[in-house]
> 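Here it is, the structure, as structure tokens.
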Amino acid sequence: MADYEGKAAVTDVTSGSMIFEPIIEDGVFRFDCSANDRNAAYPSISFINSKDRDTPIMSHKIPSYIPNFECLLGQQIVKLELPVGTSLYGTGEVSGQLERTGKRVFTWNTDAWGYGSGTTSLYQSHPWVLAVLPTGEALGILADTTRRCEIDTRKESMIQFVAPSSYPVITFGPFPSPQAVLISLSHAIGTVFMPPKWSLGYHQCRWSYDSDKKVQEITGTFREKGIPCDVVWMDIDYMDGFRCFTFDKERFPDPKSLVKGLNQNGFKAIWMLDPGIKLEDGYFVYDSGSKNDVWISKADGRPFVGEVWPGPCVFPDYTQAKVRSWWSNLVKDFTVNGVDGIWNDMNEPAVFKTLTKTMPESNIHKGDDELGGCQVHSHYHNVYGMLMARSTFDGMKLGSEKNRPFVLTRAGFIGSQRYAATWTGDNLSTWEHLHMSISMVLQLGLSGQPLSGPDIGGFAGNATPRLFGRWMGIGSMFPFCRGHSELDTIDHEPWSFGKECEEVCRLALKRRYRLIPHIYSLFYMAHTMGTPVASPTFFADPKDPSLRKLENSFLLGPLLVYSSTLPGQGMDTLQCTLPKGIWLSFDFDDSHPDLPALYLQGGTIIPVGPPHQHVGESNIFDDLTLVVALDEHGKAKGVLYEDDGDGYEFMKGGFLLTHYVAELQSSIVTVKVSKTEGSWKRPQRRLHVQLLLGGGAMVDTWGKDGEVLQILMPSEQEVVKLVSTSEKQYRSRLENAKAIPDVDVTSAHKGIELSRTPVELKGGDWVVKVVPWIGGRIISMMHLPSGTQWLHSRVEVNGYEEYSGTEYRSAGCTEEYNVTERNLEHAGEQESLLLEGDIGGGLILQRQIYVAKNDPKVFRIDSSIIARKVGAGSGGFSRLVCLRVHPMFTLLHPTESYVSFTAIDGSKHEIWPESEEQFYEGNLLPNGEWMLIDKCLGLGLLNRFDVSQVYKCLIHWGTGTVNLELWSEDRPVSKQSPLRIAHEYEVVTIP
């Protein structure tokens with residue numbers, strides 16, 4: 001081990017106020033527990049230059065807020081208390097609500113397929129919180145550690161980080177606005193790479209377009225149907241047996257010719273590369289890597305071998321410069337095949353058939369000294385994906401000096417935006433995930449990553465036509481815009497859901513392409529200044545607390561995008577909450593109930609182009625439109641950034657940045673160029689100015705770009721008429737629009753329909769979600785005081801299930817249940833839900849779920865198998881049945897979790913994951929209770945039950961999960977002798 005490891009935990013003070021020094025610029029401070037800790041800190045991987053974090057500057061400012069720390073059992077706990085009324089954001093790639101008060105997450109990059117709103121570790125790690133103070137000022141705080149870190153924002157106006165000792169904390173601000181904090185953050189961690197312009201078009205992806213013929217069919221259909229699209233993606237099946245840097249010779253015999261044809265048709269091609277390299281002598285990547293000693297090793301020094309798609313795999317150690325160079329050269333050679341972009345997937349790194357879903361934390365990385373030296377995997381786990389993306393980015397630059405790289409990464413760390421875009425992972429085709437996608441994109445932007453988006457339509461499961469159309473309407477406004485879906489789901493291309501949905505998708509994407517001049521300008525600002533591309537609505541007025549929790553609208557610069565994320569509510573029935581000031585609505589005569597409403601902030605101008613089929617069709621000689629919204633003083637301003645759309649000439653001044661201004665004087669609005677930057681000459685093109693009046697009404701004029709244009713402002717009476725006419729036309733378009741049918745997926749479709757809304761029970765300490773239509777399953781058990789979601793589930797599988805037999809997934813777990821009784825918490829009564837499912841043979845599986853008002857800490861389930869229509873010919877007795885309670889719990893810390901109980905005979909048991917599967921019965925049965933304990937959280941999930949009803953207990957450890965099953969006896973039932981198991985859950989604190 002390098003010296004760094006010995007320096008990590010030298011804290012000689014156990015608690016107190018942290019010491020500080022100013023760094024980077026005025027208002028930025030580094031905090032440490034002690035001077036010794038400051039000297040012993042690991043190098044920063046989040047900073048562009050680690051020395052910037054370690055070098056103090058001269059400054060007369062002192063911090064407004066000083067964190068306190070406590071060092072306990074090898075953990076450094078940092079707390080920052082802020083004024084009451086502070087709103088908390090950031091924390092990177094996280095699901096659930098936008099404002100983070102009440103939430104706790106852990107930075108530990110995890111393959112989180114089918115995640116939910118309560119999942120606490122996703123694919124990326126951003127140990128960062130953006131706090132917006134009651135005054136509208138903002139403060140950012142970064143825990144600069146690569147290790148697993150708890151970010152606890154459960155207490156109002158309080159931020160707490162917990163990670164292995166020791167690490168510095170950096171604060172940015174308070175500054176006048178949240179945007180100012182993000183600009184300052186970018187001076188530390190860098191800005192987003194300047195994306196090639198084509199990457200801002202629509203991307204079509206699927207697991208998988210499994211042949212060159214299928215790829216050509218898909219791209220051809222886009223052009224035939226006039227639906228804009230720029231990029232087609234190749235998932236893992238293009239490879240020869242999942243071997244990276246290879247092509248299947250039968251399905252993709254000539255990738256270079258395929259891509260040449262795609263490029264001629266206006267398409268770019270992006271290909272997947274995973275880190276898992278097949279362990280196979282004779283495979284050139286494996287042979288080369290072994291020769292150059294590039295693999296991550298086990299503690300004993302031998303290469304670590306883990307199972308992924310190709311089977312047994314080894315993994316490059318990207319913490320070494322020589323390994324990054326080795327990978328970059330492989331990428332360089334790979335680009336010769338016509339590779340326009342690269343998709344890095346599975347790079348958490350994900351490993352199959354393991355409890356933790358990743359490699360052992362004891363694996364060894366021989367890291368460069370500037371990254372932290374030789375360390376165990378737990379030190380580098382969270383930056384593995386970022387370092388892979390960096391290597392891929394560098395390889396693409398080597399492959400072509402004339403083209404900007406485009407890399408998409410699933411795993412990342414704060415600072416990853418320097419090398420790659422990202423997406424929000426393997427989401428679900430549900431309305432909940434559509435709603436969450438807005439907050440997730442915004443949260444990444446508030447954490448320094450502006451180039452992100454979800455899988456439009458949802459990755460897992462089948463979208464309905466209305467869900468897909470609505471998602472495309474919103475998704476077409478996200479910075480990164482890609483549709484993607486999983487193997488064995490129905491087709492999810494824009495034309496797959498009927499003509500009505502197809503038309504909505506066409507309108508949505510044409511709208512996006514018209515706005516690309518504006519979006520590209522925003523990315524130039526993001527690249528040069530560190531500003532976000534998509535930001536929360538409250539950025540328009542950070543002082544207004546009523547805006548801080550809005551989750552169905554967002555800003556693209558001064559453009560407000562407002563949409564409904566509810567299945568039964570379109571824009572024709574939605575009342576929009578707008579920030580204070582002037583906000584003028586407009587559209588492109590394309591309004592539809594399933595498309596967002598657009599509003600432009602008073603005092604601003606945005607550039608708009610024609611609706612091309614792909615970005616390559618556009619050029620600087622196209623007609624340019626400026627949409628103008630005057631402020632209360634009759635003024636407006638805006639910018640347009642233009643360059644070649646690719647390459648690096650812009651870094652040498654090869655661009656045109658135009659500042660436009662508009663001003664009203666004596667009923668005349670004058671629009672002109674106020675300033676230009678860059679060496680490009682202004683192209684000869686027509687300029688169309690549209691002056692918004694409100695209600696979608698406008699007046700316009702045409703002229704030549706660069707010249708002064710003037711518009712006669714209508715009289716107040718004329719404006720009233722124009723607005724009234726425009727509003728009538730808008731309502732008429734909404735009323736006459738062909739609605740997308742609100743239908744479920746038909747039985748002919750593959751997979752399971754996920755887009756119904758779960759039933760939610762709220763009572764005491766618990767929020768529980770139930771899906772009656774699939775086995776009456778519980779898919780979420782959220783414990784509010786601890787902020788923990790205990791169940792491992794997605795809508796159609798896992799979670800809490802019950803079976804009627806000893807065989808796995810017997811009757812009861814998939815049938816549609818009826819909600820026979822629903823009691824809401826009222827006047828001291830309990831909140832409860834009674835479900836019944838017909839399991840055949842005259843049998844009913846009945847389940848009551850409730851939280852009693854007099855015992856709010858406990859969540860109870862009372863289940864029975866009842867004989868309701870058992871015939872007399874059977875003597876009134878049913879078939880042989882067994883009531884089998886089958887919950888699957890998620891393990892946030894798999895290596896630190898175990899099950900504890902005392903058996904009937906008094907023996908004590910601690911069952912750890914290594915035991916895999918164990919039955920307990922007779923005197924070894926738990927004596928009425930057992931507990932799932934997470935040592936890291938200091939919490940236990942206590943499950944109490946009636947021993948007289950339970951015949952045996954089963955513990956089964958899976959990959960990051962555990963089943964704690966209760967089994968009744970196995971016997972027939974009659975009307976007089978049902979089977980029953982009554983049990984309850986409570987979360988307790990473990991000392």
Side-chain angles (χ1 to χ4, degrees), residues 1 4-20 29-42 63 65-82 88 91 100 102-108 120-121 125 127-129 141-171 361-362 372 375-379 381-382 783 785-788 891-898 900 910 912 931-941 987-991:
M1 295 289 121
Y4 291 113
E5 189 170 17
K7 295 179 180 178
V10 299
T11 305
D12 53 6
V13 181
T14 56
S15 65
S17 296
M18 302 186 83
I19 63 171
F20 65 88
F29 296 93
R30 169 179 171 163
F31 293 86
D32 293 275
C33 298
S34 69
N36 285 342
D37 288 297
R38 179 183 295 157
N39 296 330
Y42 292 112
Y65 302 96
I66 296 177
N68 292 317
F69 77 93
E70 180 182 7
C71 293
L72 185 66
L73 301 175
Q75 299 287 306
Q76 177 179 314
I77 304 165
V78 175
K79 293 183 180 180
L80 184 65
E81 191 167 352
L82 298 167
L88 305 177
T91 68
R100 302 305 293 173
K103 304 293 281 187
R104 175 174 61 169
V105 295
F106 299 84
T107 63
W108 187 253
T120 55
S121 293
S125 293
W128 157 263
V129 178
I141 180 167
L142 170 68
D144 201 18
T145 175
T146 61
R147 303 293 291 270
R148 186 197 308 267
C149 179
E150 174 187 320
I151 309 173
D152 190 344
T153 53
R154 287 176 294 175
K155 291 185 179 179
E156 184 182 356
S157 307
M158 172 76 78
I159 301 166
Q160 176 174 288
F161 295 107
V162 183
S165 302
S166 59
Y167 56 90
V169 168
I170 319 298
T171 62
E361 295 183 25
S362 59
Q375 299 287 351
V376 292
H377 181 68
S378 59
H379 183 86
H381 173 85
N382 284 336
H783 183 251
S786 65
T788 46
L891 303 176
L892 294 177
H893 307 98
T895 59
E896 299 294 320
S897 299
Y898 64 96
S900 173
E910 282 191 3
W912 290 81
M931 190 187 308
L932 172 61
I933 295 173
D934 185 320
K935 290 174 62 179
C936 284
L937 294 181
L939 295 175
L941 180 65
V987 175
V988 297
T989 302
I990 306 300

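Heavy-atom basis, side chains included; hydrogens, waters and symmetry copies ignored.
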> Taking all heavy atoms of V129 and all of F161, pick out the closest pair and write down the distance.
CG2-CZ, 4.1 Å
> Between the side chain of N382 and the main-chain N/O of T107, is any donor-acceptor distance below 3.5 Å?
yes
> Ring-plane angle category for F106 and H893, please: parallel below 30°, perpendicular beyond 60°, tilted otherwise.
perpendicular
> Could you grab the distance from atom CD of E361 to atom OG1 of T895, nearest 0.5 Å is fine?
5.0 Å
> Please check if any side-chain donor atom of H783 sits under 3.5 Å from a side-chain acceptor atom of S786, or the reverse.
yes
> Run the side-chain contact (heavy atoms from CB on, under 4.5 Å) test on C71 and C33 for me, step by step, so that the C-alpha distance in whole Å, both residues' side-chain angles and the decisive distance to 0.1 Å come before the verdict.
CA-CA 9 Å; C71 293; C33 298; 4.2 Å; yes
> List the steps, then state whether side-chain contact (heavy atoms from CB on, under 4.5 Å) holds for I66 with F20.
CA-CA 8 Å; I66 296 177; F20 65 88; 4.1 Å; yes
> Tell me, do L939 and T788 make a side-chain contact under 4.5 Å, heavy atoms counted?
yes
> Whether E896 and R148 form a salt bridge (side-chain N of Lys/Arg under 4.0 Å from carboxylate O of Asp/Glu) is what I want to check.
no
> Got a donor-acceptor contact below 3.5 angstrom from the Q76 side chain to the Y167 backbone?
yes
> When you measure from the side chain of D32 to the backbone of A35, do you find a donor-acceptor pair of N or O atoms at a distance under 3.5 Å?
no
> Has the side chain of R30 got a donor or acceptor atom that lies under 3.5 Å from a matching backbone atom of R38?
yes
> Just verifying a value: how many Å separate L937 CG and T120 OG1, rounded to the nearest 0.5 Å?
7.5 Å
> Distance check, rounded to the nearest 0.5 Å: D37 atom CG versus S165 atom OG?
7.5 Å
> Heavy-atom distance under 4.5 Å between the side chains of E81 and Y65, does that happen here?
no
> Apply salt bridge (Lys or Arg N to Asp or Glu O under 4.0 Å) to R104 and list each qualifying residue two or more places apart in sequence or on a separate chain.
E150
> Quick check: do V78 and N68 have side-chain heavy atoms less than 4.5 Å from each other?
no
> Does the plane of the ring in F29 sit parallel, tilted or perpendicular to the ring in F31? Use 30° and 60° as the thresholds.
tilted
> Would you mind listing every side chain to side chain donor-acceptor pair (under 3.5 Å) that reaches into residues 153-162, with sequence neighbours excluded?
D152-R154
> Not counting sequence neighbours, which residues clear ring pair (Phe, Tyr, Trp, His ring centres under 6.0 Å) with H379? List them please.
Y42
> State, yes or no, whether a side-chain contact exists between I151 and K103 at a heavy-atom distance under 4.5 Å.
no
> Out of curiosity, R100 CZ to T91 OG1, how far, rounded to the nearest 0.5 Å?
4.5 Å
> Please test L142 against V169 for side-chain contact (heavy atoms from CB on, under 4.5 Å), starting from the C-alpha separation and ending with a verdict.
CA-CA 6 Å; L142 170 68; V169 168; over 6 Å; no
> Rounded to the nearest 0.5 Å, what's the gap from CD1 on I141 to CG on L80? Could you check?
4.5 Å
> Counting only heavy atoms not in E70, do more than 12 sit closer than 6.0 Å to its CD atom?
yes
> Just how far is it from atom CG of D934 to atom OG of S897, taken to the nearest 0.5 Å?
4.0 Å
